[in-house]
Each structure stands twice: as structure tokens, then as C-alpha cells.
Amino acid sequence: MAVHDSEQAIFYRHVKPRSFTKLQKWLNIGQEGKYKKASKVVDDVLSEYICQKRKEVNKLNQQLVSKDGVDILTSYITEKESTGLKCDDKFLRDTALNMIIAATDTTSTALTWFTWLVSKHPIVENKIIEELESKIPIGETKWRRLFNVDEVKNLVYLHGALCEALRLYPPVPFNHKEPVKPDIVPSGHLVHPKTKILFCMYSMGRMKSIWGEDCYEFKPERWINERGEIKHEPSYKFLSFGAGPRICLGKETSFIQMKAVASALIYNDRIHVMEETPVVSAVSSVLHTENGLMTRISKRWE
Ligand code: HEM
């Protein structure tokens with residue numbers, strides 16, 4: 001909740017004049033007041049967690065390294081000599097928060113919209129199940145199971161369905177950049193350093209000039225070429241992960257994670273979205289659903 005509150009306040013920083021947010025901050029009111037309170041909650045929770053982690057590392061020392069590796073916080077604490085980083089509590093707290101927002105929140109948001117879209121498109125749901133069944137031995141079909149990295153990494157149709165969800169509902173709905181020196185953007189506008197250029201991935205994903213007349217439709221086929229392979233779109237067109245030198249570092253990782261979760265969910269269970277709770281996007285710098293996603297889940301096979 002506190003993370004969501006701060007993400008909402010960050011949204012308003014992009015649309016309100018800087019003098020307005022500065023005044024709110026000074027008076028500790030409105031969105032900036034909410035942000036301060038939320039940041040304190042997040043900092044306190046993470047500080048407590050880091051303190052416990054340090055104790056755990058000191059106690060267990062080398063035994064922490066299991067065959068599956070270690071979590072990122074443990075590796076920063078134990079590898080500080082080799083990385084040369086000053087891994088003090090503030091660094092660890094900021095790194096953990098970065099991971100929560102950049103990795104966890106974005107991936108879970110993408111999966112929420114994906115689940116909702118698939119539940120509204122039973123034909124897509126069936127095609128995903130067909131693709132999954134084609135990848136597993138006959139004797140293993142029609143039973144509950146999980147899918148490993150090797151099984152999910154080459155799923156073309158599921159990849160297309162996830163890309164469609166990310167195009168229509170990009171978890172980071174807008175971004176901004178500033179030129180380091182005067183430049184002319186493709187529209188012909190001259191931009192100076194400190195000019196904030198806002199661009200909206202949410203709108204770009206719904207522009208006919210970019211995606212064609214059917215841009216509002218959820219069509220995984222859009223991402224599959226004539227040879228039945230994944231059709232790669234330039235990252236400046238499909239901007240959901242950003243583009244250029246600061247492109248998302250976790251793009252490939254997130255696809256593997258989303259495919260593993262989506263395969264398990266869709267293959268094993270039937271998801272029925274409860275119509276009573278409207279599915280609408282939150283006003284926030286991360287495109288959450290305002291009311292979560294209320295579903296009824298039943299087993300597909302025993
Ligand atoms: C569906 C999931 C994800 C989406 C939609 C997403 C989207 C983005 C976007 C839009 C940016 C900003 C790029 C820019 O400013 O041009 C970004 C940056 C970043 N992402 Fe992701 N991300 C996702 C998952 C992940 C995961 C799983 C990780 C880590 C394992 C991650 C780590 C990062 C990092 C470290 C940056 C900062 C890169 C930099 O500034 O150099 N992201 N991501």
C-alpha cells in the first residue's frame with residue numbers, strides 16, 4: 001500500500017507545476033504529504049528486513065549459498081569486497097526498493113492485465129493451452145503441472161499474448177527524458193537541456209498510425225510472423241520496456257518469469273473475473289488496476 005501511495009504521488013509530480021509540488025512538500029500536505037508518510041513506512045520496513053538479513057548472514061555465513069544461488073540482498077552483503085561497492089544500509093535499502101518497483105511491481109502489474117485480457121478472450125486462452133500441450137509429453141497432458149524455463153522460453157503464442165498485454169497496458173505508462181545538449185526531435189521541435197520531454201507509452205500502444213486500424217484489439221497474432229516465429233518490433237515502437245542505453249535491464253528475465261507464471265495459471269486453472277468489481281487503471285506512475293483483480297478460480301484438471 002505504501003509503495004502504491006508513493007507511486008501515485010510520483011505521477012502527480014509529472015503533471016503538476018514544480019512550484020505546486022514544492023509548496024505541498026514544504027507544507028507536508030496533499031500528494032507530497034502522502035509521499036513522505038509512505039516513504040517512511042517503506043524505509044522502516046526495508047530497514048528492519050535488512051537488519052534481519054545481516055544477522056542471518058553473520059550467523060549462517062557460507063551455508064547461505066544453496067544450489068539455487070542466493071537472493072540479491074544476501075549477495076550484496078556477502079560480496080561487498082569483490083564488488084567494491086559501499087554496501088551500507090542506505091545502499092541496500094535503495095537497491096531493494098529499486099527491485100520492488102522496477103522488477104516486482106511492473107511484472108505483477110503486467111500479469112494482472114494479461115490475466116484479465118485472457119479471461120475476456122476465451123479463444124486466446126484455448127490457443128495458449130494448445131501451445132502448452134504441444135510442448136509437453138502426451139502422458140503429461142490434462143494433469144496439473146508447472147513449466148520450467150526450457151519449456152516456456154520458446155512459447156511463441158504466449159509471448160505474443162504477453163506483448164499484447166504490455167502494448168495495451170504498459171506497466172510504466174509514461175516516461176520522460178531531457179536532452180543533455182540542444183537538439184531537434186523528429187517532429188522538428190528544438191529542445192534545450194532541462195526541457196522535460198514526456199512520452200506516453202499507454203497512448204502509443206493505442207495509436208492507429210503505429211499499430212494499425214486494429215490497435216485496440218487484443219491480438220497475439222500481431223506478434224507472429226509468416227514463418228510462425230516471434231515477430232520482433234523495434235523497441236522505439238514497442239516502448240513498454242523503454243529503448244536505447246537505459247532500456248529495461250530485466251526485459252528478458254521478466255518474460256521468462258511472466259511465461260512461467262502465466263503457463264502455470266492458465267494451464268492448471270480456469271479464471272473467472274468477478275464483474276462486480278470494475279477493472280480500471282489507477283492514476284499512478286505504475287499502471288496498477290485500481291481495485292486489484294477479483295477472480296474466482298477453479299481447477300481445470302484434478
Ligand atoms: C513487465 C515487466 C517490466 C517492465 C514493463 C519494465 C519496464 C521498464 C521501463 C519502462 C524502464 C525505463 C527505461 C527507460 O527509462 O528508458 C525500466 C528500467 C529498468 N528496469 Fe524494468 N521493467 C520490467 C521488469 C524488470 C525486471 C524484472 C527487472 C529486474 C530484474 C527490471 C529492472 C530494471 C532496471 C534496473 C531499470 C533501470 C535501467 C537503467 O536506468 O539503466 N525491470 N524497466
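As the structure lists them, so they are numbered: ligands from 1, and atoms in each ligand from 1.
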For this session: Considering only non-hydrogen protein atoms, determine which one is nearest to atom 29 (C) of ligand 1 and report residue, atom name and distance to 0.1 Å.
Result: Ala103 CB, 3.6 Å
Exercise. Is the closest basic N to carboxylate O distance between Lys37 and Asp5 below 4.0 Å?
Worked result: no
Exercise. Given side chains that start at C-beta, do those of Trp113 and Ser281 come closer than 4.5 Å, heavy atoms only?
Worked result: yes
Exercise. Between Glu56 and Lys59, is there a side-chain N and carboxylate O pair less than 4.0 Å apart?
Worked result: no
Exercise. Got the closest protein heavy atom to atom 4 (C) of ligand 1, with its distance?
Worked result: Phe241 CE2, 3.5 Å
Exercise. Of the backbone atoms (N, CA, C, O) and the side-chain heavy atoms from C-beta on, which set of Lys251 has a member under 4.0 Å from an atom of ligand 1: side chain, backbone, both, or neither?
Worked result: neither
For this session: Please identify which atoms of ligand 1 are closer than 4.0 Å to at least one heavy atom of Ser254.
Result: 2 (C), 24 (C), 27 (C)
For this session: Could you tell me whether Lys259 and Glu151 make a salt bridge, using a distance below 4.0 angstrom between a side-chain N and a carboxylate O?
Result: no
For this session: Distance to 0.1 Å, residue and atom name: give those for the protein heavy atom nearest to atom 36 (C) of ligand 1.
Result: Leu249 N, 4.2 Å
Exercise. Under 6.0 Å between ring centres, would you say that holds for Tyr35 and Tyr12?
Worked result: no
Exercise. Where does Asn175 meet ligand 1, judged by heavy-atom distances below 4.0 Å: at the side chain, the backbone, both, or neither?
Worked result: side chain
Exercise. Would Glu229 and Arg227 pass as an ion pair if we require N to O under 4.0 Å?
Worked result: yes
For this session: Just jot down the ligand 1 atoms closer than 4.0 angstrom to any heavy atom of Lys177, in number order.
Result: 14 (C), 15 (O), 16 (O)
Problem set entry | Of the listed options Arg246, Glu252, Gln257, closest to atom 14 (C) of ligand 1 (non-hydrogen atoms) | Arg246
For this session: Provide the number and element of each atom of ligand 1 under 4.0 Å from a heavy atom of Pro171.
Result: 5 (C)
For this session: Would you check the N or O atoms of Ala102, main chain and side chain alike, for any that come under 3.5 Å of an N or O of ligand 1?
Result: yes
Exercise. What do you think, any protein heavy atom under 4.0 angstrom from atom 10 (C) of ligand 1?
Worked result: yes
For this session: For ligand 1, indicate whether the residue Thr253 contacts it via side chain, backbone, both or neither (heavy-atom separation under 4.0 Å).
Result: neither
Exercise. Under 4.0 Å between a Lys/Arg side-chain N and an Asp/Glu carboxylate O for Glu130 and Lys127?
Worked result: no
Problem set entry | Side-chain ion pair, Lys90 and Asp88, N-O less than 4.0 Å | no
Seminar exercise, completed: If you scan protein heavy atoms around atom 23 (C) of ligand 1, the nearest is Thr106 OG1, 3.3 Å
For this session: State the atoms of ligand 1, each with its element, that fall below the 4.0 Å cut-off from a heavy-atom position in Gly242.
Result: 10 (C), 13 (C), 16 (O)
For this session: Inspect the contact between Lys16 and Glu32 and indicate whether a charged nitrogen and a carboxylate oxygen are less than 4.0 angstrom apart.
Result: no
Exercise. Is the shortest heavy-atom distance from the side chain of Ile136 to the side chain of Phe147 under 4.5 Å?
Worked result: yes
Seminar exercise, completed: Ranked by distance from atom 32 (C) of ligand 1, the top protein heavy atom is Gly250 N, 3.8 Å
Exercise. Is Ser240 close to ligand 1, meaning an N/O of one under 3.5 Å from an N/O of the other?
Worked result: no
Problem set entry | Nearest-neighbour protein heavy atom for atom 8 (C) of ligand 1, which is reported as residue plus atom name and distance | Cys248 CB, 3.6 Å
Problem set entry | Phe114 six-ring centre to Arg167 NZ/CZ under 6.0 Å and within 45° of normal | no
